[in-house]
Amino acid sequence: MNSLASSVFGISIPVDGDEDSSSGTSVVAIDNKIEQAMDLVKSHLMYAVREEVEVLKEQIKELVERNSLLERENALLKSLSNNDQLSQLSTQQANPSSTSQAQAVIAQPPQPTQPPQQPNVSSA
């Protein structure tokens, strides 16, 4: 009868004396399912972490390149600037309230002075 119920309904009906072994078997099966689920979650998390690590490595690489570029640009600007401009930058760092005014002055390089042009006057 047990085999009939098992084959038709897909369930096992414990017979006297079988209760301990069937409940032990189902506990082991549940434990195995839980372990499989935990392994699946672990593998998904590891995959996600690996992807994130790759993204962060790429961002670090880009930031290092940008930092290197900015350091070279800074060195070039320092070499092209004169001592007055460097001392003005130093005072700006000491006095941050005047920074915006000084940046405006630095951002606009001095314009060479040209003599006013004479109007073209033709004699008639």
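Surrounding CD of E65 are more than 12 heavy atoms belonging to other residues, nucleotides or ligands, all under 6.0 Å away. Surrounding CG of N82 are more than 12 heavy atoms belonging to other residues, nucleotides or ligands, all under 6.0 Å away.
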Run the numbers on L63 and N67 for side chain to side chain contact (heavy atoms under 4.5 Å, CB included), then give the verdict.
CA-CA 6 Å; L63 289 171; N67 188 39; over 6 Å; no
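Note that CG of D31 is 9.5 Å distant from OG of S26, once rounded to the nearest 0.5 Å. Between the OG1 atom of T91 and the CD atom of Q93 there is a distance of 9.0 Å, given to the nearest 0.5 Å.
Side-chain contact between L45 and V41 is present, with at least one heavy-atom pair separated by less than 4.5 Å.
By the 4.5 Å side-chain criterion applied to Ile, Leu, Val, Met, Phe, Trp and Tyr, I34 is assigned to a cluster that also includes I30, M38.
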Donor-acceptor contacts under 3.5 Å from residues 46-56 side chains, at least two apart:
| unit_1 | atom_1 | unit_2 | atom_2 | d |
| --- | --- | --- | --- | --- |
| Y47 | OH | E51 | OE2 | 2.8 |

Throw together a table of side-chain donor-acceptor distances under 3.5 angstrom for residues 69-81, partners on residues two or more places apart or in other chains.
| unit_1 | atom_1 | unit_2 | atom_2 | d |
| --- | --- | --- | --- | --- |
| R72 | NH1 | S68 | OG | 2.9 |
| S79 | OG | L76 | O | 2.7 |
| S81 | OG | L77 | O | 3.3 |
| S81 | OG | K78 | O | 3.0 |

